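Quantities reported herein were computed from a predicted structural model and do not represent experimental measurements. Position 1 is the first residue of the sequence, and the numbers go up from there. Side chains included, hydrogens not; waters and symmetry mates left out as well; all remaining heavy atoms used.
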Amino acid sequence: MDVTIKDQPELRVGTVRHIGPYDRISQAFERLGSLMAPARTRPAGGQLLALYYDDPQTTPADRLRSDAALTFPPPLEVPAGLIERRVPAGRYACAVHVGPYDQLPKAWASLMEDIATRGLKATGGVSYELYLNDPMSVPSSQHRTELCAPVEPQSA
């Protein structure tokens with residue numbers, strides 16, 4: 001896995017909350033899609049993301065918090081029914097996964113291992129997946145997903 005450490009900008013997003021196992025976030029994306037259907041399109045420059053707030057290694061699956069999200073560049077308003085949130089700017093370890101979404105947990109584990117080998121640690125802030133192509137227009141083997149986890153140096 002090719003991991004890059006980079007400074008990411010703040011993201012302004014409209015979200016639909018999901019509580020429960022991360023692998024069921026598709027339910028929140030379905031709701032996000034139905035809320036955006038009247039608009040019939042994503043905002044110009046809008047990108048789909050999944051936001052993850054909890055460590056699945058230490059949080060019970062039924063308490064995991066995540067959001068299906070769509071970026072809204074200013075000055076666009078976040079539509080009614082979505083919760084406006086900000087993903088903080090900062091230093092992130094990022095890697096692009098190519099393949100089916102059901103392989104993402106393994107990709108996340110690989111990213112976290114790489115973070116540790118670099119002498120970094122995840123900050124516990126929000127991590128996210130940025131979907132780089134449309135899963136409806138490409139086969140699952142070609143899904144491109146950027147994984148981003150906020151990092152900081154290990155304490156001495």
Ignoring hydrogens, what is the shortest heavy-atom contact between [X] and [Y]? Give both atom names and the distance.
| X | Y | result |
| --- | --- | --- |
| Ala95 | Leu111 | CB-CD1, 4.3 Å |
| Ile5 | Ala93 | CD1-CB, 3.6 Å |
| Ala122 | Ile115 | N-CG2, 4.1 Å |
| Thr71 | Gly46 | OG1-CA, 3.2 Å |
| Gly81 | Arg31 | O-NH2, 4.5 Å |
| Val78 | Leu82 | CG1-CB, 3.7 Å |

Identify, with sequence neighbours excluded, every residue that meets side-chain contact (heavy atoms from CB on, under 4.5 Å) alongside [X].
| X | value |
| --- | --- |
| Pro139 | Ser141, Gln142 |
| Pro60 | Asp62, Arg63 |
| Glu30 | none |
| Pro105 | none |

- Task: Could you list who else is in Val13's hydrophobic cluster, with ILVMFWY side chains joined at under 4.5 Å, directly or through other members?
- Result: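 Grouped by the 4.5 Å side-chain rule, Leu11, Leu49, Leu51, Tyr53, Val87, Tyr92, Val96, Val98, Val126, Tyr128, Leu130, Leu132 form the rest of the cluster around Val13.
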- So which residues get pulled into Ile83's cluster when ILVMFWY side chains under 4.5 Å apart are joined, directly or through others?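 Via sub-4.5 Å side-chain contacts, Ile83 links to none.
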- Query: For Tyr52, which residues count as a side-chain hydrogen bond (donor to acceptor under 3.5 Å, both in side chains) partner, sequence neighbours excluded?
  - Reply: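 Applying side-chain hydrogen bond (donor to acceptor under 3.5 Å, both in side chains) to Tyr52 gives Glu129.
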Hey, what do you get for [atom1] ([X]) to [atom2] ([Y]), rounding to the nearest 0.5 Å?
| X | Y | atom1 | atom2 | value |
| --- | --- | --- | --- | --- |
| Gln103 | Ser140 | CD | OG | 8.0 Å |
| His97 | Ser110 | NE2 | OG | 10.5 Å |
| Leu48 | Met36 | CG | CE | 9.0 Å |

Just distance, no hydrogens or angles: give the donor-acceptor pairs under 3.5 Å from side chains in residues 143-152, sequence neighbours left out.
from	atom 1	to	atom 2	distance (Å)
Glu146	OE2	Lys6	NZ	2.8
Glu152	OE2	Lys121	NZ	3.4

- Task: Would you list the pairs meeting salt bridge (Lys or Arg N to Asp or Glu O under 4.0 Å) in which at least one residue belongs to residues 80-91, sequence neighbours left out?
- Result: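 Only Asp7-Arg91, Glu10-Arg86, Arg12-Glu84, Asp67-Arg85, Glu84-Arg86 qualify under salt bridge (Lys or Arg N to Asp or Glu O under 4.0 Å).
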- Which pairs pass salt bridge (Lys or Arg N to Asp or Glu O under 4.0 Å) with one or both residues in residues 44-61, sequence neighbours excluded?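 Salt bridge (Lys or Arg N to Asp or Glu O under 4.0 Å) check on residues 44-61 returns Asp54-Arg65.
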- Check for a donor-acceptor pair, side chain of Thr15 on one end and backbone N or O of Arg17 on the other, with a separation under 3.5 Å.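 No; zero donor-acceptor contacts below 3.5 Å.
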- Is the side chain of Thr59 donor-acceptor paired with the backbone N or O of Leu64 at a distance under 3.5 Å, no angle test?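 No.
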Less than 4.5 Å apart, side chain to side chain, heavy atoms only: is that true for [X] and [Y]?
| X | Y | answer |
| --- | --- | --- |
| Tyr131 | Phe29 | yes |
| Tyr101 | Pro135 | yes |
| Leu120 | Gln154 | no |
| Trp108 | Pro56 | no |

